[in-house]
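Here is the structure we will look at, set down as structure tokens.
It should be emphasised that the depicted structure is a prediction, and the values quoted were computed from it without experimental measurement.
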Amino acid sequence: MKSNTRSLLIMVCATMLFLSCKDEEVINPAAPSGKEDVSASLEVAYPEQRGIVKKGFYLGNEVTYEEINGDYILEGDMILNKKFLTENLDDLILDSNETAHSFGVRSVGLTGGRWPNNTVYYSIASNLPNQYRVTDAIAHWETNTNLKFVQRTNQQNYVYFRPVNQGCSADLGMKGGMQYVNLEINCSTGTVIHEIGHTVGLFHEQSRSDRDSYLRINWDYIQEGMAFNFYTYQEQHLSGADYTSALDYNSIMLYGSYAFSKYGQGYPTITKLDGSTYQSNREYLSQGDIAGLNVMYPGDNGGGDQYVNGNYYTLYGLRVYRHDDKWWYWVQAENKWKEVEYVNGAWRYVDQGDNGGGNQYQNGTNYTIHGVTVFRDQDRWWYLTNINGANTYISIDDVNGKWVWNVNGNIYKHNTYYNVDGWQVLRYNGKWWRLYYGSWNEVDYVNGKWEYV
Ligand SMILES: [Zn+2]
């Protein structure tokens, strides 16, 4: 009797689902479906709170994020590591003789965001309620992907599943050291599967670069100040890739139709192109999810990052080019590629080894070269000039017989004015600008004086 009732119920539900799906697609595309849970499918770190929307650079990429309770939140439930957030883009590369620790914010250390050897180490807080949510989610991941989840013993990099009062959230990618999956009591097993997706490096599905071919974003229905949650990863200047050829409406990483809706039912923030809403999946990894993960974490246990010559990558905050199995960085001021390497938590120029012969310059000595008096110190060239009223040594380079200000050896803040050598200049987007008769002109400091570029 009982089982009869149950199968009847299942039949009725299945029929209703089928019918209402048809209704949505055929009759009135924009109409509310009447059966979707408006709120439950949205993972957010702090559901009841709105923070301060800020802009900054995360690992060298410009991002808009929200500051709530001292956490930096991206797209509602991804926590950014403060260590990798900076106000400006400059100064990510050290000269070969500089040490990383002396520059604090300049050193960024994410190890590429992938878990090496397809292995995620984890531990679960002993006071986390309903721990089956985590163990079931992990079992689902292990069954469907090449990833292994291993209880941590003394590994340095691991995920800690812990209880929080509100919200479901996770760090994005492997960040090094301990990182979190934060779970309030209402986060389901499916939500834990979603959050683990962030842990292993997945963005939200609607962040795909080609999502406009599949989804319509109703910007007017999005809660005030929350629009940035709907940008593609490219619009957010995050380094990423679309690992499958098409958006998967069934992805566990896809926001529901009503995510961050200002007005709730009837006002979906995301629909299909025909205006219809969709049922978001928060139960299992979709076929598309699994296909993408197989690209990110191939089954050969390689894991980690595979770099292909001829491709650009954003690594540890720097846009670098892979060539000849080495890393290269385009130095705008010198108009050339320079080899760089990542050592001890920072990028640095590879010493070009030009010390073999030629002039040997003594540190602590003034020289006149190319008609300019320059000072040798720390095996580098310095030029004495006046910045904001103070005599200041700036690091300069000899580029094709011209002395060019080596900005990488100095720290200048983005969107900040400096008075240099009698000119008021603005540091913006890694370049110098001068306002002249109402328009901004790019300028550069060459041979001890300003030039228009
Ligand atoms: Zn999420």
Side-chain angles (χ1 to χ4, degrees), residues 17 21 40-43 75-78 112-122 132-151 157-159 161 168-175 179 181 183 187-211 213-215 232-234 238-257 259 270 272 278-306 308:
L17 274 174
C21 272
S41 62
L42 180 63
E43 292 78 16
E75 288 185 23
D77 71 337
M78 286 180 269
R114 298 274 169 83
W115 292 82
N117 301 315
N118 289 1
T119 305
V120 179
Y121 291 97
Y122 74 97
Y132 68 86
R133 294 179 295 168
V134 176
T135 50
D136 286 359
I138 284 175
H140 182 76
W141 271 90
E142 290 192 322
T143 305
N144 291 287
T145 70
N146 300 311
L147 282 156
K148 295 185 290 286
F149 292 77
V150 177
Q151 288 242 23
N157 303 327
Y158 68 103
V159 195
F161 293 87
C168 323
S169 58
D171 292 296
L172 181 59
M174 189 185 90
K175 73 176 205 184
Q179 64 186 79
V181 170
L183 301 172
C187 306
S188 66
T189 300
T191 297
V192 180
I193 296 172
H194 172 107
E195 297 304 339
I196 291 175
H198 291 318
T199 302
V200 300
L202 290 182
F203 295 122
H204 289 132
E205 185 75 355
Q206 78 275 2
S207 302
R208 284 179 67 101
S209 62
D210 60 355
R211 68 100 190 277
S213 306
Y214 303 91
L215 298 171
T232 66
Y233 67 80
Q234 286 188 327
L238 288 166
S239 71
D242 301 323
Y243 291 106
T244 52
S245 57
L247 181 138
D248 185 354
Y249 293 108
N250 202 33
S251 169
I252 199 165
M253 304 310 291
L254 179 62
Y255 269 7
S257 280
I270 310 180
K272 294 186 178 180
Y278 52 87
Q279 189 74 45
S280 66
N281 159 31
R282 279 301 179 276
E283 288 175 34
Y284 51 89
L285 292 164
S286 70
Q287 287 311 306
D289 292 333
I290 293 166
L293 285 155
N294 284 338
V295 178
M296 292 170 72
Y297 295 95
D300 59 4
N301 258 351
D305 300 292
Q306 316 259 333
V308 180

May I have the step-by-step check of side-chain contact (heavy atoms from CB on, under 4.5 Å) for Ile196 and Phe161, ending in yes or no? CA-CA 10 Å; Ile196 291 175; Phe161 293 87; 4.0 Å; yes

Not counting sequence neighbours, which residues clear side-chain contact (heavy atoms from CB on, under 4.5 Å) with Gln287? List them please.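 Counting only residues at least two positions away or on another chain, Gln287 forms a side-chain contact (heavy atoms from CB on, under 4.5 Å) with Ile290.
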
Counterpart residues, side-chain contact (heavy atoms from CB on, under 4.5 Å), relative to Tyr249 (two or more places apart):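 With neighbours one apart ignored, the set is Tyr214, Leu215, Leu247, Lys272.
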
Return the [atom1] to [atom2] distance between [X] and [Y], rounded to the nearest 0.5 Å.
{"X": "Asn294", "Y": "Asn144", "atom1": "CG", "atom2": "CG", "answer": "9.5 Å"}
{"X": "His194", "Y": "Ser188", "atom1": "NE2", "atom2": "OG", "answer": "10.5 Å"}
{"X": "Asn118", "Y": "Leu293", "atom1": "CG", "atom2": "CG", "answer": "10.5 Å"}

The test is side-chain contact (heavy atoms from CB on, under 4.5 Å); show your working for Leu285 and Trp141 and say whether it passes. CA-CA 8 Å; Leu285 292 164; Trp141 271 90; 3.8 Å; yes

If you look at every heavy atom in [X] and [Y], which pair is closest and at what distance?
{"X": "Tyr278", "Y": "Ser257", "value": "N-OG, 3.2 Å"}
{"X": "Gly256", "Y": "Ile270", "value": "O-CD1, 4.1 Å"}
{"X": "Lys148", "Y": "Asn117", "value": "NZ-O, 3.7 Å"}
{"X": "Ala246", "Y": "Glu205", "value": "O-OE2, 4.2 Å"}
{"X": "Met253", "Y": "Leu202", "value": "CG-CD1, 3.7 Å"}
{"X": "Gly201", "Y": "Leu172", "value": "C-CD1, 4.3 Å"}

Whether the side chain of [X] engages the backbone of [Y] through a donor-acceptor N/O pair (distance < 3.5 Å, no angle test) should be reported.
{"X": "Arg211", "Y": "Gln206", "value": "yes"}
{"X": "Tyr284", "Y": "His140", "value": "no"}
{"X": "Tyr297", "Y": "Val200", "value": "yes"}
{"X": "Asp289", "Y": "Ile252", "value": "yes"}
{"X": "Thr199", "Y": "Glu195", "value": "yes"}
{"X": "Arg133", "Y": "Val192", "value": "no"}
{"X": "Thr232", "Y": "Ser207", "value": "no"}

Which label fits Tyr255 and His204: parallel for a plane angle under 30°, tilted from 30 to 60°, or perpendicular past 60°?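 Plane angle between 30° and 60°, so tilted.
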
Would you check if Pro116 and Met174 make a side-chain contact, meaning some heavy-atom pair closer than 4.5 Å?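 Side chain of Pro116 against side chain of Met174, heavy atoms only: contact under 4.5 Å found.
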
Single hit among Asp248, Thr244, Asn250 for side-chain hydrogen bond (donor to acceptor under 3.5 Å, both in side chains) with Ser286: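 Single side-chain hydrogen bond (donor to acceptor under 3.5 Å, both in side chains) partner of Ser286 among Asp248, Thr244, Asn250: Asp248.
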
Chi angles and distances behind the side-chain contact (heavy atoms from CB on, under 4.5 Å) call for Tyr122, Gln151: CA-CA 5 Å; Tyr122 74 97; Gln151 288 242 23; 3.5 Å; yes

